[in-house]
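Here the structure is laid out as structure tokens; the discussion comes afterwards.
Each chain gets a letter, A, B and so on, in the order the sequences are listed, and its residues count up from 1. Being a predicted model, the structure only gives us computed values, none of them experimental.
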Amino acid sequence: MKMSKLFVQTLREFPSDAEVISHKLLVRAGYIRKLTSGVYNYLPLMWRVLKKIENIVREEMDAAGAQELLMPFVQPKELWEESGRWEVYGKELMRLRDRHNREMCLGPTHEEIITSIARDGLKSYKQLPVNLYQIQSKFRDEVRPRFGLLRGREFIMKDAYSFDMTQEGLEKEYENMAKAYTKIFKRCGLNTKMVQSDSGAIGGSVSHEFMVITDTDAGENDVFYCDSCDYSANSNHAVSKLPAGANITGEWTSAKIVDTPETHSIEELCDFLKIPSTLIVKTLVYIVDKKPVLALIRGDKQVEETKLMNAAGGSDIRIATAGEIEEMMGVNGFDAAKGFIGPQGLKEYNGYEITVIADETVKDMKNFVIGVNQKDKHGIGYNWDLDVKLPETVTDIRLVEAGELCPQCGKPLKVTRGIEVGNIFQLGTKYSKPMNAVYLDQNGKTQPYIMGCYGIGISRTAAAAVEAHYDEHGIKWPLAIAPYHAIVIPVSTKDEEQMRVANDIYVTLKKHGAEVVIDDRDERAGVKFKDADLIGFPYQIIVGKSIAEGNVEFKIRETDEKTAMKPEEAAEVVITAINNL
RNA sequence: CGGGAUGUAGCGCAGUUUGGUAGCGCACCUCGCUUGGGACGAGGGGGUCGCACGUUCGAAUCGUGUCAUCCCGACCA
């Protein structure tokens, strides 16, 4: 490809609306252009990168025994009603109507469709197990798209679905996919960590995410991990043991209600009572699917909202507003506000019974401090079941913090940020049962499939690769997913000798299957170098004045290391590298 | 959806306070000159100033409404 004909426009400045480096660089280097919020044009360079990632995914999925197919982007409401997700999925599901006023949606994921395909085509145990996948654009109407390709509304995803007869079969396929994923990301030049995670709206029980560790803002997930063993988990799923020695028994000898004026926060309450926060049972008010939920947790700990939501059996959670809390107090006959809430005596709100869920941290506390739903007062010296009832549900709803102890080996946990580029779920019969997707077993009995699903964000993987490989000059693509392997740069297009040598290298490389660009533009050398670095060609072969000694310069973008060598040698290095991919 | 901000040429921005018919840098076209890290000179093309209504002799500028975009919080590949 001639640079003069390559459809790319590099910019001198970063776009003003970009926040993270992958977004900034992909726009500035001419890979993508925003069409509308969260929706991007993939320009020719970007499309080459995406196709490379897709092909790696394809090769590894096929090698793992999966079969590719393609499902529709537009889906009918009826299937989503069968699975029950038309109601549950929420506003991320982009709903629309056709000319006959039939309700449809844009596919955010394809469990419903694949399940309908399976139940039509997989009637016998003899056909199982099977794993089907596709690579396709998805649409999720995110509340707040951001970070360019990392959180778009339209994005490219590989989604695979497995059908098994038994849980053991599913677990085997799950392992199979985990191995394939590890290979895929490695081939893409990415170091990923496989972490335990919550299974979220897609449902099911066991799930893991593949995280690119970044330690920048682009990593939207906190990952807790242990250096001493293999434990690692997303913060929404991480568990830990607490170091011993926290003071959880107060010195009061009897329970009473005392004045605690203006203590709206745990900190103020600690200061006023001159006690550590570990003696306080904190009560937080949440709304889970419209229902009021009180969360009780030790004063020094934070609630992990996903855990709480799961404990409450909901699919949506938010903290209650100050207004809602006051209203809730009012209808239950109290006059109190945030800071003074406690679990006793609260019956119902908004037509729902109030659920109380306690974190395990409060269970062993004694002579503690707790809100009693009276303004400027708290209960002190309280004990469970003597002064206040221990809630029926006591479970783990706590957000893990770095330094707490690994649940497996007891060593301190560390935290880092990660970009989720893939995930794997054990779905079980979550879709096959409600959608009546069954096969006949050896005994002629109908059985629902045991399903798994496995996703990879293709466009997100590309962006994550940029997050992991860049410098102040631009992108440093891993060779396997770079849009082109190399660029040949004749420093002066007017110099016949330089042009002749450059062309020879270009032709040789192409002949050996290399994807290569020749910068034939009548530009100054600086412009060509800047563009080559920004776009991120892994190899640059610079044909300049050293041609007098018969040499060219060979530059490796990853290290910016430059070596003088014969033109044939330079070509050879590139050819060897791509043959080793 | 709550809080904050911004919409002026493909990109980055000034002009709005004090109303007078739109400008700078980059990019693009032509010519000259230059050719090892985003040169220089001359000339040129491109904008219903987000949109609508209003105030006014006159609106990018003032008012009202509306749409879009971005940032901070709750969801996810």
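Ion pairing of Arg187(A) with Glu59(A) is present here, as a side-chain N (NZ or NE/NH1/NH2) and a carboxylate O approach within less than 4.0 Å. Residues Lys24(A) and Glu19(A) are not paired through a salt bridge, judged by the lack of any N-O separation under 4.0 Å between the basic side chain and the carboxylate. Under the 4.0 Å criterion applied to side-chain N and carboxylate O atoms, Asp522(A) and Lys528(A) are not assigned as salt-bridge partners. Salt bridge annotation for Lys179(A)-Glu175(A): absent, with no cationic side-chain nitrogen under 4.0 angstrom from a carboxylate oxygen.
Among the atoms of the strands shown, base atoms are found under 4.0 Å from some heavy atom of Asp522(A). In this structure, Lys545(A) reaches the bases: a heavy-atom distance under 4.0 Å links it to at least one base atom across the strands shown. Among the atoms of the strands shown, only primed sugar atoms or phosphate atoms (P, OP1, OP2) are found under 4.0 Å from some heavy atom of Pro15(A). Among the atoms of the strands shown, only primed sugar atoms or phosphate atoms (P, OP1, OP2) are found under 4.0 Å from some heavy atom of Val421(A). Base contact: Gly152(A) has a heavy atom under 4.0 Å from a base atom. Residue Glu420(A) is in sugar-phosphate contact alone, with no base atom involved, counting any heavy-atom pair closer than 4.0 Å across all strands shown. Looking at heavy-atom distances under 4.0 Å, Glu19(A) makes contact with sugar-phosphate atoms alone, never a base. Backbone-only contact: Glu305(A) has heavy atoms under 4.0 Å from sugar-phosphate atoms and none from a base. Base engagement by Leu534(A) is indicated by at least one non-hydrogen atom pair under 4.0 Å involving a base atom. Residue Glu209(A) is out of contact with every strand shown, counting any heavy-atom pair closer than 4.0 Å. Gly455(A) comes within 4.0 angstrom of no nucleic acid atom, judged by non-hydrogen atoms across all strands. Counting non-hydrogen atoms under 4.0 angstrom, Asp533(A) reaches a base of the nucleic acid.
Within the shown strands, G12(B) is the pairing partner of C24(B) under the Watson-Crick or G-U definition, both distances less than 3.5 Å. Nucleotide C1(B) is matched to G73(B) when pairs are restricted to Watson-Crick or G-U wobble geometry with both distances under 3.5 angstrom. Base pairing analysis places A68(B) opposite U6(B); the two distances defining the Watson-Crick or G-U wobble pair are each below 3.5 Å. If you check G37(B) for Watson-Crick or wobble pairing at under 3.5 angstrom, you find it has no partner at all. Shown here, U17(B) forms no base pair; nothing in the strands shown gives a Watson-Crick or G-U wobble contact with both key distances under 3.5 Å. Across all strands shown, G63(B) is found opposite C53(B) as a Watson-Crick or G-U wobble partner, with both distances under 3.5 Å. Remark: A42(B) base-pairs with U30(B); criterion is Watson-Crick or G-U wobble with both hydrogen-bond distances under 3.5 Å.
Of the listed nucleotides (G38(B), A74(B), G12(B)), G38(B) has the atom at the smallest distance from the side chain of Arg12(A). For Lys494(A), taking side-chain heavy atoms from C-beta onward, the closest of the listed nucleotides A77(B), A39(B), U34(B) is U34(B). When the nucleotides C75(B), A77(B), G37(B) are ranked by their closest atom to the side chain of Thr306(A), C75(B) comes out on top. Considering only the side chain of Leu11(A), C11(B) comes nearest among C11(B), G38(B), A27(B). In the set C76(B), G38(B), U35(B), C76(B) carries the atom at the smallest distance from any side-chain atom of Arg460(A). The side chain of Val491(A) lies closest to G36(B), out of A77(B), G37(B), G36(B). Set against A27(B), G38(B), A77(B), the side chain of Gln9(A) has A27(B) as its closest nucleotide. When each of A77(B), C70(B), C71(B) is scored by its nearest atom to the side-chain atoms of Arg140(A), the top-ranked nucleotide is A77(B). Comparing U35(B), G73(B), G36(B) by their closest approach to the side chain of Ser492(A) singles out U35(B). Closest approach to the Arg28(A) side chain among G36(B), C76(B), G38(B) is made by G38(B) (side chain taken as heavy atoms from C-beta onward).
Proximity of the aromatic rings of His208(A) and Tyr181(A) is defined here by a centroid distance below 6.0 angstrom, and this criterion is not met.
Residue Thr461(A) places no side-chain N or O under 4.0 Å from the OP1 or OP2 atom of A77(B). OP1 or OP2 of U35(B) has not a single side-chain nitrogen or oxygen of Thr493(A) nearer than 4.0 Å. Applying the 4.0 Å criterion to OP1 and OP2 of A74(B), one finds that Arg144(A) has every side-chain N and O outside that range. In terms of phosphate contacts, Thr109(A) brings no side-chain nitrogen or oxygen within less than 4.0 Å of OP1 or OP2 of A77(B). The phosphate of C72(B) has OP1 or OP2 within less than 4.0 Å of a side-chain N or O from Arg146(A).
With both ends at atom C1', the span from C13(B) to U8(B) equals 10 Å, rounded to whole Å. A distance of about 24 Å separates the P atoms of C11(B) and A5(B), rounded to the whole Å. G45(B) sits 37 Å from U55(B) when the P atoms are compared, rounded to a whole Å. Straight-line distance between the C1' atoms of G37(B) and C51(B): roughly 45 Å, to the nearest whole Å.
Sequence order on RNA chain B of the closest nucleotides to Gln498(A) and Leu150(A) puts Gln498(A) first from the 5' end. Nearest-nucleotide assignment on RNA chain B puts the 5′-proximal partner with His473(A), out of Glu92(A) and His473(A).
Protein atom CZ of Arg85(A) is 14 Å distant from nucleotide atom C1' of C75(B), rounded to whole Å. One interatomic measurement links the two molecules: CZ of Arg521(A) to C1' of A27(B), which rounds to 12 Å at whole-angstrom precision. Rounded to whole angstrom, the span from the CD atom of Glu154(A) across to the C1' atom of A77(B) amounts to 14 Å. Whole-Å rounding puts the Arg153(A) CZ to A77(B) C1' distance at 16 Å. Summarising the geometry, the separation between CD on Glu553(A) and C1' on G36(B) is reported as 8 Å, rounded to the nearest angstrom.
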Check: Between Asp198(A) and Lys307(A), does a salt bridge (charged side-chain N to carboxylate O under 4.0 Å, His left out) hold up when you go through it step by step?
Finding: CA-CA 8 Å; Asp198(A) 180 69; Lys307(A) 287 184 182 178; over 6 Å; no
Note to self: Please evaluate residues Asn131(A) and Glu173(A) with respect to the criterion side chain to side chain donor-acceptor pair (under 3.5 Å), reporting the C-alpha separation (whole Å), side-chain torsions for both, the decisive distance (0.1 Å), and the verdict.
What the structure shows: CA-CA 9 Å; Asn131(A) 186 332; Glu173(A) 184 59 14; 2.7 Å; yes
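Within the 3.5 Å criterion, the main-chain N or O of Ile156(A) finds no donor-acceptor partner in the side chain of Ser137(A).
In this structure, Leu25(A) and Phe14(A) approach most closely via the heavy-atom pair CD2-CE2, 3.9 Å.
Both stacking criteria are satisfied for Phe155(A) over the base of A77(B): a centre-to-centre distance under 5.5 angstrom and an angle between ring planes under 30 degrees.
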